[in-house]
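Structure, as structure tokens:
Remember, it's 1-based here, ligands and their atoms both numbered in the order they're listed. In what follows, residues are counted from 1 in the order of the sequence shown. Note that the structure is predicted; figures quoted are calculated from it, not measured.
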Amino acid sequence: MPYLSPALNVMVGAARRAGRKLIRDFGEIENLQISMKGPADFVTTADKRTEAMLVEELQKARPGYCFLTEEHGAIDGPDKSHRFIIDPIDGTLNFMHGIPHFAISIGLEREDQLVSGVIYNPVTDEMYVAERGHGAYLNDKRLRVAARKKMNEVVLATGIPFLGREGHERFQHELSAVMGVTAGVRRFGAASLDLAYVAAGRFDGYWERGLNPWDVAAGILLVKEAGGVVTDLNGGGDALMGGTLLAANESLHRPILKMLKDAARAAG
Ligand code: LIP
């Protein structure tokens with residue numbers, strides 16, 4: 001059974017309740033009112049409502065904590081030592097297109113350190129949780145990153161830059177380096193679930209650029225608690241706020257990082 005701190009317990013409850021509503025919204029996707037936030041980055045009424053539900057419930061349980069959310073950015077509170085980092089629908093484009101691969105992601109920082117994380121896929125009812133120092137779980141099952149070491153056996157996940165995002169050529173170089181030596185590359189469209197799948201040993205690694213902290217906060221903790229390594233794409237410790245990320249097991253992280261760095265350099 002996973003160890004749930006009181007805060008993690010509250011986060012799980014909030015995600016489950018918001019997830020139930022989200023599933024109903026997903027079923028009515030065609031009737032939802034849509035507004036354009038930026039290129040290929042749609043915000044739905046469901047997105048806003050889910051975030052409002054999560055913030056309200058977490059604020060009630062932990063008054064005073066700060067928030068960083070996809071829809072509102074920073075919400076200040078008197079307790080500066082705690083911050084929830086929330087993505088109400090990670091994988092918004094999937095959601096909008098009726099593709100059942102998206103998640104609610106909630107991370108909690110204490111004194112600038114990620115201490116609790118929840119990623120909930122309401123379609124599959126998969127609840128991923130992690131508590132710093134107490135491991136990562138999928139429902140009741142303890143998670144470990146995959147042990148694979150041979151590059152020709154690994155499956156990597158990534159995110160592809162799209163309209164309005166920079167780095168298309170660099171990505172093509174990275175992809176061509178990786179696809180030549182691995183068993184396969186996947187692009188599923190929800191960073192939080194990509195990280196959860198790394199923690200669960202389904203993917204052997206995952207890299208992406210152009211990420212936001214709410215996409216990855218909970219997932220970074222999950223991968224680390226499952227025994228994996230997470231860095232930014234320079235190999236440094238700025239994966240949460242820096243916008244780039246590589247997650248993999250201990251044996252694969254270094255060679256994949258080198259491969260991606262070399263490819264990015266070749267792209268100029
Ligand atoms: C998404 C990420 C995904 C990335 C998308 C987007 P959102 O988050 O999870 O990995 O490729 O561009 O950032 O916008 O659905 O919360």
TODO: Could you check which of L211, D87, D90 puts a non-hydrogen atom nearest to atom 8 (O) of ligand 1?
DONE: D90
Task: Salt-bridge criterion met for D79 and R62 (N-O under 4.0 Å) - done: no
- [ ] Run the numbers for me: atoms of ligand 1, each under 4.0 Å from some heavy atom of G91, listed by number.
- [x] 7 (P), 15 (O), 16 (O)
Open item on the list: Please list, in number order, the atoms of ligand 1 under 4.0 Å from a heavy atom of A190.
Closed with: 9 (O)
Open item on the list: Could you tell me if D125 and Y120 have a donor-acceptor pair between their side chains, going purely by distance under 3.5 Å?
Closed with: yes
Open item on the list: Check for me, please, whether L245 and L114 land in the same ILVMFWY cluster - side-chain distances under 4.5 Å, paths through other members count.
Closed with: yes
Task: Polar atom proximity, A191 to ligand 1 (N or O, under 3.5 Å) - done: yes
Task: Pair R202 + E126: basic N to acidic O under 4.0 Å - done: yes
Task: Close-contact set for ligand 1 against T92 heavy atoms, below 4.0 Å - done: 7 (P), 14 (O), 15 (O), 16 (O)
- [ ] Decide whether the shortest distance between a heavy atom of I89 and an atom of ligand 1 is less than 4.0 Å.
- [x] yes
TODO: Using a 4.5 Å cut-off on heavy atoms from C-beta on, say whether the side chain of L4 contacts that of E131.
DONE: no
Task: Proximal candidate to atom 14 (O) of ligand 1 [heavy atom criterion; set E70, R165, R187, E208] - done: E70
Task: Close approach, F162 and ligand 1, non-hydrogen under 4.0 angstrom - done: yes
Pairs of donor and acceptor atoms involving the side chains of residues 227-236, under 3.5 Å and at least two apart or interchain, shall be tabulated with distances.
from: T231; atom 1: OG1; to: H253; atom 2: NE2; distance (Å): 3.0
from: D232; atom 1: OD1; to: N234; atom 2: N; distance (Å): 2.8
from: D232; atom 1: OD1; to: G235; atom 2: N; distance (Å): 3.1
from: D232; atom 1: OD1; to: G236; atom 2: N; distance (Å): 2.8
from: D232; atom 1: OD2; to: D238; atom 2: N; distance (Å): 3.0

Task: Short N or O distance, L93 and ligand 1, threshold 3.5 Å exclusive - done: no
Open item on the list: Nearest 0.5 Å, please: how far is CZ in R83 from CZ in R110?
Closed with: 14.5 Å
